Protein chains: 2
Amino acid sequence: MPMSSSNRVPVPTLGRLATYLRVLTELEQAHTETVSSADVEQQTGINAAQFRKDLSYFGEFGKPGVGYSVARLQESIAAILKIDRRQPVVLVGAGNLGSALIGYPGLTEHQMDLVAVFDNNPQRIGCQVRNLYVQDIQRFATVNETLQARIAILAVPAGAAQRVAEVLVAADVRAILNFAPTLLRLPAAVVVRNVSFMQELAVLSYHVSSNEQEENGEEQAGEQNNSVRPILHST
Amino acid sequence: MPMSSSNRVPVPTLGRLATYLRVLTELEQAHTETVSSADVEQQTGINAAQFRKDLSYFGEFGKPGVGYSVARLQESIAAILKIDRRQPVVLVGAGNLGSALIGYPGLTEHQMDLVAVFDNNPQRIGCQVRNLYVQDIQRFATVNETLQARIAILAVPAGAAQRVAEVLVAADVRAILNFAPTLLRLPAAVVVRNVSFMQELAVLSYHVSSNEQEENGEEQAGEQNNSVRPILHST
DNA sequence: TGCTGTGAATTAGTTCACAGCG
DNA sequence: CGCTGTGAACTAATTCACAGCA
């Protein structure tokens, strides 16, 4: 069997790896030893060939005629995503959303160690949220010299996001999960993922009122829904 | 000038429309009357041709040599996304994340009226969160007969998500913003958008440790980053 | 036989490049 | 001119389809 790895990995593949990992954990808890790409399709709605192709960017993990060892594949994907060891992560912005994220169980499950929380609001600085005390963002550079966090979660208002992001980057943060609805202009070496509820709601809103006269009975499959009939213009 | 509209609209286009709307609101507040696709690119990182193409699915909104009327375009996009009038939205799951979402300003900005909150936890039922009282999910069908919400935000644990989603759909919900890390199997007519922090963190985690020896100095541009050099395999 | 791994084909989405209008 | 709107070219991502191994 040929070997692979070498071409560039599509970003959507990385997202799906996280999904596979989740399913593998579930299977492991159910004491399932082996899984096929067809099983994964059943559990995730992601096409079986897609699953195999996603893995093929990183190597060969299955046995023809058999499938994949749940435990082994789990380890492999964790290694690929670098979540086979704990990663220090910082949160900036201890408002509603930020505070909610501190308790998010997915963080720990993915070996993300939320090691510090920062804010610029004197009202919040010093407050305890879960097991952490909110620190002054001014101290970020100093504190992160010790923490060495490379991933940050940015949950500040849009108006502050750019400024704060620059502070983070100056203190060696290399990846930002940005919840602020604004474009961050940062050096290309910094990876930014934007989470926008607005965008998702826009998609829903558009579809809801468009769907007035739907009529097919298929089951919904996967992660991303595709294109859709349009609406009329104006002007 | 030719007319358009008629082909299917890519889903990413709908998400970007929400971004354009945000920028238009900012421009309006700055009393800017007119905007060009190049200006939009500057503000959003989204390619100017992309912006024009996105709009072209719905009609013609600009004047050659001039650009777009900020106020007019704002109205048009709001109409396309059906957020030109208030939409009732329900939230299910009053845990950390759910509670945080109740206060999310983006909801109101996008004319989403959060009209009710449900949970199944007796500890939470009856509690006040912001200006709403948490109701028993058992009463959902009855309550939604009056509310007529078609959009729901699902912020319950993964184990409960499928069951709850079916309750929602039975009560005529047609679009779900799903924060639970699990595949919802629902009739195809129901639109589901999954929000997965896990996936985003996976992408960040992968990149952080891969990026160890980067060296180009470009500015980061847009909404989605693209593919990336891979890592080694195992087995 | 039942599965994987993967080139090839397909489909989707983005960007270019330019005709044509104000 | 300076801009839009859009067909055409391109790039990315998904899915097919099948050779080949256990």
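Source: prediction; values computed, not measured.
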Distance, rounded to the nearest Å, where F61(B) contributes CZ and dG5(D) contributes P: 8 Å
Taking every non-hydrogen atom, the tightest pair across A155(A) and L91(A): CB-CD1, 4.4 Å
A175(A): side-chain contact (heavy atoms from CB on, under 4.5 Å) partners, not counting sequence neighbours: I151(A), V191(A), L204(B), V208(B)
Minimal non-hydrogen separation, I83(B) against M112(B), with atom names: CG2-CE, 3.9 Å
Below 4.0 Å: OP1/OP2 of dG13(C) and any side-chain N or O of N47(B): no
CD/E33(B): more than 12 non-hydrogen atoms of other groups inside 6.0 Å: no
Atom-to-atom span, CG of D54(A) to P of dT15(D) - whole angstrom: 10 Å
Integer-rounded Å distance: dC16(C) C1' and R52(B) CZ: 10 Å
Atom of V70(A), atom of T32(A) and distance for their closest heavy-atom approach: CG2-O, 3.4 Å
Between C1' of dC16(D) and CZ of F51(A), the distance in whole Å: 18 Å
Name the pairs: protein N/O against N/O of nucleotides 1-3 of chain D, kept only if under 3.5 Å.
residue: dG2(D); atom: N2; partner: G65(B); partner atom: N; Å: 3.3
residue: dC3(D); atom: O4'; partner: G65(B); partner atom: N; Å: 3.4
residue: dC3(D); atom: O2; partner: G65(B); partner atom: N; Å: 3.3

OP1 or OP2 of dT14(C) under 4.0 Å from side-chain N/O of R16(B): yes
Spacing between Q50(A) atom CD and dC16(D) atom C1', to the nearest angstrom: 12 Å
Protein-nucleotide distance (I46(A), atom CD1; dA13(D), atom C1'), rounded to Å: 13 Å
Out of dT6(C), dT4(D), dG13(C), whichever nucleotide has its closest atom nearest the side chain of A49(A): dT6(C)
Shortest non-hydrogen contact from A100(B) toward A100(A): CB-CB, 3.5 Å
